[in-house]
Q: 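Can you read through this structure? Questions will come right after.
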Amino acid sequence: MAKTLRRLITALTAAVAAVGLFTVAPANAATDDVSPLVVGGSRARIADHPWTVYLASSSGGQFCGGTLVSADKVVTAAHCTRGRTPASTRVVWGREDKQSSAGVVASVTRIWTHPSYRSATAGYDVSVLTLDRDLASPYLPLATPADTALYTAGTNATVLGWGATSSGGSASRYLLKATVPVIADTGCKRSYPQYNSTAMVCAGYPQGGTDTCQGDSGGPMVVNGKLIGATSWGKGCASAGYPGVYARIASYHAELAQQIAS
Ligand code: ARG
C-alpha cells in the first residue's frame, strides 16, 4: 500500500475515538478491504483455534475467555473468576457463534485462583478451572520459562475472544482474532508505571487500533502454538500508547502445571 494511503488510513483511524481491534463487526466482514475502520480484527474459525473457550454465567451470559490446556482444565484470568463459585460458572467449548448451541457447555467443579492475586494491575492474574468432563484435544501447551524467545519484542501474537469490539462497546457475537506484536518491557513500562515484567507481557501497535477489550479477559495470547499470555488489562482499548497487557504465562508455569496435573 502506498505510504500516503497508509498515512491517510492511520489519520482516519485516529480520528475515530477508541476504535477497538474488534471494531470490525462481523456484518462488515465483506467490506473489510475497503473500510478505513478495519484495523485488524477478523472472524476466527473455532475449528482453527479449538482450545479457545468462553466463560459464562449459569444463565449463559459470556463474560470472559479461556484456554483449554488439558482434557478438563482451562486457564483463564484470576479477575474473571474472583468472587465466583464453581456452581455459577460454565465453560463453553466448540461454539464460535454465541447465539448457536454448537459445542459443549461444561460445568466447573473447582476454581483455583493464584493465591497472590489481588488485582489485575498487580499481577498474578491467572486461574485454573477444573471441568466436570473431559473435552477433546487438541489442548494448547503452556509457554515455559525456557520459551523466552516467544516473548521477544516484535513477535507476532494471536489474541482471540468474544469481547467488546470497541472501548465501552458491546461484546462480539462471534469469535474474533487479531495479531498484535509483543512490546519490549521498557516500552510497556513507559505506558504503564505499574507494569511488572515478571507478571505481565504487553502487545499492540504504537498507533493503537488493534487490541483485546472488555470480555476478552482470560482468553488466549498465542505464539508458535503455545499459550504465552492471558488477556488481563489495559487503559481503554486500542488507544495509541496504551497497549493490551496479558498475564505472562511462562512466569506461572510451575504453579499452573501443578494445578493442571491435579
Ligand atoms: N479487563 C478486560 C476484561 O475483563 C480486558 C481488558 C483488556 N484491555 C486491553 N486494552 N487489552 O475483559
Side-chain angles (χ1 to χ4, degrees), residues 13 16-24 39-41 52-57 61-67 74-84 89 91-92 98 111 113-114 117-127 129 156-173 175-183 187-196 199-222 227-249:
T13 304
V16 177
V19 175
L21 153 60
F22 294 171
T23 296
V24 187
V39 289
T52 307
V53 300
Y54 68 80
L55 311 190
S57 63
Q62 180 265 335
F63 62 89
C64 269
T67 306
V74 165
V75 169
T76 184
H79 81 261
C80 289
T81 59
R82 197 33 162 335
R84 295 199 75 86
T89 309
V91 166
V92 182
K98 290 194 290 197
I111 298 176
T113 299
H114 195 293
Y117 172 77
R118 296 293 174 269
S119 68
T121 54
Y124 306 101
D125 196 10
V126 287
S127 69
L129 309 180
N156 278 327
T158 301
V159 290
L160 294 132
W162 288 263
T165 56
S166 65
S167 201
S170 53
S172 175
R173 169 176 170 181
L175 175 62
L176 299 177
K177 67 165 190 247
T179 301
V180 276
V182 170
I183 296 175
C188 204
K189 187 88 190 162
R190 246 177 273 130
S191 300
Y192 301 116
Q194 67 271 60
Y195 177 77
N196 175 328
M200 307 163 194
V201 54
C202 68
Y205 297 92
Q207 72 275 24
T210 304
D211 199 4
T212 46
C213 201
Q214 267 55 50
D216 288 319
S217 279
M221 176 196 214
V222 185
L227 183 67
I228 74 154
T231 302
S232 183
W233 60 279
K235 182 180 182 302
C237 303
S239 16
Y242 293 100
V245 188
Y246 301 80
R248 189 179 286 250
I249 294 297

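Counting convention: from 1, in listed order, for ligands and their atoms alike.
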Q: Check ligand 1 against the protein and report each N/O to N/O distance under 3.5 Å, formatted as atom name, atom name, distance.
A:
from     : atom 1 : to   : atom 2 : distance (Å)
ligand 1 : 1 (N)  : H79  : NE2    : 3.4
ligand 1 : 1 (N)  : S217 : OG     : 3.0
ligand 1 : 1 (N)  : S232 : O      : 3.1
ligand 1 : 4 (O)  : H79  : NE2    : 2.8
ligand 1 : 4 (O)  : S217 : OG     : 2.4
ligand 1 : 10 (N) : D211 : OD2    : 2.8
ligand 1 : 10 (N) : G236 : O      : 2.9
ligand 1 : 11 (N) : D211 : OD1    : 2.8
ligand 1 : 11 (N) : D211 : OD2    : 3.3
ligand 1 : 11 (N) : T212 : O      : 3.2
ligand 1 : 11 (N) : T212 : OG1    : 2.8
ligand 1 : 12 (O) : G215 : N      : 2.6
ligand 1 : 12 (O) : D216 : N      : 3.4
ligand 1 : 12 (O) : S217 : N      : 3.0
ligand 1 : 12 (O) : S217 : OG     : 2.6

Q: Output all residues satisfying ring-ring contact (aromatic ring centres under 6.0 Å, His included) with Y192, sequence neighbours left out; order by chain, then residue number.
A: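 Y192 satisfies ring-ring contact (aromatic ring centres under 6.0 Å, His included) with W233, Y242 once adjacent residues are dropped.
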Q: Under the side-chain contact (heavy atoms from CB on, under 4.5 Å) rule, collect the residues that match up with C202, sequence neighbours excluded.
A: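 C202: side-chain contact (heavy atoms from CB on, under 4.5 Å) contacts with I183, C188, Y195, P243, V245.
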Q: Nearest 0.5 angstrom please: S232 OG to H79 NE2, how far?
A: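 With rounding to 0.5 Å, OG (S232) is 6.0 Å from NE2 (H79).
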Q: Do T212 and Y246 pass the side-chain hydrogen bond (donor to acceptor under 3.5 Å, both in side chains) test, and can you show the C-alpha distance, the side-chain angles, and the key distance before you say yes or no?
A: CA-CA 10 Å; T212 46; Y246 301 80; 3.0 Å; yes
Q: For S191, which residues count as a side chain to side chain donor-acceptor pair (under 3.5 Å) partner, sequence neighbours excluded?
A: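 With neighbours one apart ignored, the set is empty.
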Q: Which class fits the ring pair H114 and Y124: parallel under 30°, tilted 30 to 60°, perpendicular over 60°?
A: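 H114 and Y124: tilted rings.
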